[in-house]
Amino acid sequence: MSSARERYEAATRHLHPPFAVLDLAAFHANAADLARRAAGTPIRVVSKSIRCRHLLREALALPGFSGLMAFTLPEALWLARDGVCDDILVAYPTADTNAIAELAAHPDTARGITLMVDDVAHLDLITAAAPDPAHPIKVCIDIDTSWQPLGPRSRIGALRSPVRTPAQAAALARAITRDPRLHLDGIMAYEAQIAGVGDNPPGRPGYGRLLRWVQRHSQTELARRRAAIVNAVRDVADLRFVNGGGTGSLHTTRRERAITELAAGSGFYQPTLFDHYRGFSGRPAALFALPVVRRPAPGAVTVLGGGYPASGTADPTRLPSPHLPAGLSLSPTEGAGEVQTPLLGASAASLSIGDRVWLRHAKAGELCERFAELHLIDGDRLVATVPTYRGEGQTFL
């Protein structure tokens with residue numbers, strides 16, 4: 001078998017970089033590993049980490065995957081209208097009353113979309129834009145999953161929902177069920193501090209041990225609280241689903257009896273932020289190629305473009321990483337540049353002007369905001385070229 005670099009070069013020799021590719025064998029291997037770790041619990045596919053309708057359909061057709069988790073309501077409406085999926089959970093609350101009104105105006109579509117809420121103000125927005133009790137809007141309660149061992153000032157985890165206790169969740173559930181324009185569909189509780197933080201940071205063994213200790217205690221506390229919340233809400237109304245987990249925590253979250261489904265997206269592409277977990281390892285599936293345009297000094301080459309930082313805290317882990325050929329790194333003084341990126345290392349000596357360097361993004365779906373197409377590679381053949389959301393003229397955020 002040829003090396004990955006040789007395969008990618010053979011498949012794309014007729015293309016002119018910059019361009020992005022998707023290694024189908026890696027994509028399917030990663031999907032199989034996600035399903036293996038879920039051990040029979042269905043996985044809802046997270047669209048923000050894919051951002052390509054063709055690949056969303058491909059993921060949903062694989063064993064172990066069911067339903068989508070969208071990031072905005074306009075995106076969910078677009079995917080539903082196209083028939084990509086008839087079970088879409090919008091993962092974040094919406095204040096887009098025009099989109100809510102559009103949802104309400106199409107009851108057949110509305111039956112397949114669930115909105116996220118964590119405040120009675122969300123309920124007021126929804127019912128003002130969707131006032132017909134004959135066609136209630138489905139909603140899901142988002143739960144705070146942070147670990148707070150010493151109270152709110154010691155929060156470890158994402159700042160998401162204000163709903164933290166069984167009593168708070170039950171109170172919101174009662175507010176929902178009292179209004180005939182709403183239907184309580186489920187609960188979501190995404191443990192970002194476990195699912196999205198690699199527990200084996202390279203070169204930092206002491207920090208890794210501390211991180212694993214924090215994650216174990218957070219997981220134990222959350223499992224108990226999540227079960228109590230689900231029980232409290234089920235005393236108010238039936239629930240179709242209880243969603244939890246993410247790429248980094250499928251194998252642990254699926255053990256909780258309260259969980260009926262999981263969620264994952266980044267694991268399909270395996271971006272660099274998911275390289276450092278002890279519980280699993282994925283194969284890089286999504287890459288982008290940049291052309292060498294300069295050789296400014298011994299041990300250095302410069303590629304065109306490359307300034308594709310990931311969202312989140314501004315630190316080096318959010319920058320793209322040179323992948324192939326091995327042995328290249330970003331310049332510590334220049335990083336990834338808007339129009340050019342210097343790369344340093346022994347491999348630079350083997351590169352000529354016009355050669356390609358293959359890089360990986362720190363996050364999964366954000367790569368698709370930079371490229372209009374993904375070239376799908378099977379072995380050493382390019383088998384299809386499909387549009388990303390950007391390529392279809394869709395920029396939801």
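In terms of heavy-atom proximity, Gly265 sits nearest to Ser49 at C-CB, 3.3 Å. Between Ala258 and Ala227 the shortest heavy-atom distance is CB-CA, 4.0 Å. Smallest separation of non-hydrogen atoms from Tyr389 and Ser47: OH-CB, 3.8 Å. Of all heavy-atom pairs between Leu262 and Ala38, the closest is CD1-CB, 3.7 Å. Between Val120 and Ala175 the shortest heavy-atom distance is CG1-CB, 4.3 Å. Scanning all heavy atoms of the two residues, the minimum distance from Ile141 to Ala169 falls at CD1-O, 3.9 Å.
Two residues are said to be in side-chain contact when any heavy atoms from C-beta on lie closer than 4.5 Å; Leu62 and His28 meet this criterion. Inter-residue side-chain proximity for Glu369 and Tyr308 is flagged as unmet; no heavy-atom pair is nearer than 4.5 Å. Taking 4.5 Å as the limit, every side-chain heavy atom of Asp33 sits out of range of all side-chain heavy atoms of Gln270. The shortest side-chain heavy-atom distance between Cys85 and Leu79 does not fall under the 4.5 Å cut-off. Side-chain contact check for His54 versus Leu22: every heavy-atom pair is 4.5 Å or farther apart. For the pair Ile156/Ser218, no side-chain contact is recorded, criterion being any heavy-atom separation below 4.5 Å from C-beta on. Taking the side chain as every heavy atom from C-beta outward, Arg155 and Asp144 approach each other to under 4.5 Å. Leu68 places a side-chain heavy atom less than 4.5 Å from the side chain of Val45.
In terms of modelled atom types and a separation under 3.5 Å, the side chain of Ser352 and the main chain of Asp355 share no donor-acceptor contact. Remark: side-chain polar atoms of His361 are paired, donor with acceptor, to backbone N or O of Lys363 under 3.5 angstrom. With Thr177 contributing its side chain and Ala173 its backbone, the two residues share a donor-acceptor pair below 3.5 Å. A distance-only check finds a donor-acceptor pair linking the side chain of Gln168 to the backbone of Arg164 [under 3.5 Å]. Using a distance-only test at 3.5 Å, with no hydrogens or angles considered, no donor-acceptor pair links the side chain of Arg370 to the main chain of Glu366. A donor-acceptor contact shorter than 3.5 Å links the side chain of Asp199 to the backbone of Arg278. Put simply, the side chain of Thr388 never gets that close to the backbone of Cys52: no donor and acceptor are under 3.5 Å apart. Listed for the Gln215 side chain is a donor-acceptor partner under 3.5 Å among the backbone atoms of Val197. Here the side chain of Thr145 pairs a donor or acceptor atom with the backbone of Tyr190 at under 3.5 angstrom. When atom types are taken as modelled, the side chain of Arg356 and the backbone of Leu324 share no donor-acceptor pair closer than 3.5 angstrom.
Under the side-chain contact (heavy atoms from CB on, under 4.5 Å) test applied with Tyr92, the options Met116, Met69, Arg160 reduce to a single match, Arg160.
In the hydrophobic clustering of ILVMFWY residues, with side-chain heavy atoms under 4.5 Å counting as a link, Tyr8 and Val303 come out apart. If you chain together hydrophobic residues whose side chains sit under 4.5 Å apart, Val90 and Val84 fall into the same group. Val242 and Val117 fall within a single hydrophobic cluster, where Ile, Leu, Val, Met, Phe, Trp and Tyr are joined by side-chain heavy atoms under 4.5 Å apart, directly or via other members. Follow the hydrophobic side-chain contacts under 4.5 Å out from Val46 and you never reach Ile187; the two are in separate clusters. Residue Leu24 is grouped with residue Phe65 when hydrophobic side chains (ILVMFWY) are merged at heavy-atom distances under 4.5 angstrom, including chains of intermediate members.
By the neighbour-count criterion of 12 heavy atoms within 6.0 Å, atom CZ of Arg224 is sparsely surrounded, having that number or fewer from other residues, nucleotides or ligands. Within 6.0 Å of the CZ atom in Arg294, the count of heavy atoms belonging to other residues, nucleotides or ligands does not exceed 12. At most 12 heavy atoms of other shown residues, nucleotides or ligands fall within 6.0 angstrom of atom CG in Asp238.
With rounding to the nearest 0.5 Å, the separation of CD in Glu392 from OG1 in Thr395 is 12.5 Å. Rounded to the nearest 0.5 angstrom, Lys138 NZ and Ile126 CD1 are separated by 13.0 Å. Rounding to the nearest 0.5 Å places CG of Leu343 at 10.5 Å from OG of Ser321. One distance of note links OG1 of Thr72 with NZ of Lys48; it measures 13.0 Å at 0.5 Å rounding. Within the model, atoms CZ of Arg240 and CG of Leu89 stand 8.5 Å from one another, a figure rounded to the nearest 0.5 Å. The distance from atom CG of Leu319 to atom OG1 of Thr317, rounded to the nearest 0.5 Å, is 8.0 Å.
Ring-plane geometry between Phe396 and Trp78 is classed as tilted, the angle between the planes lying from 30 to 60 degrees on a 0 to 90 degree scale. The aromatic rings of Tyr269 and Phe27 sit tilted, their planes meeting at an angle between 30° and 60°. In this pair, Phe371 and Phe288 present their aromatic rings tilted. The plane angle is within the 30 to 60° band. Ring orientation note: the planes of Trp213 and His217 are tilted relative to one another, at an angle of 30° to 60°.
Between Arg44 and Asp87 there is a salt bridge, since a side-chain N of the basic residue sits under 4.0 Å from a carboxylate O of the acidic one.
Side chain to side chain, Arg360 and Thr272 fail the donor-acceptor criterion of an N or O pair below 3.5 Å. Asp96 and Thr94 form no side-chain donor-acceptor contact under 3.5 Å, judged by distance and modelled atom types alone. For the 3.5 Å distance criterion, the side chains of Trp147 and Glu191 fail to qualify, holding no donor opposite an acceptor.
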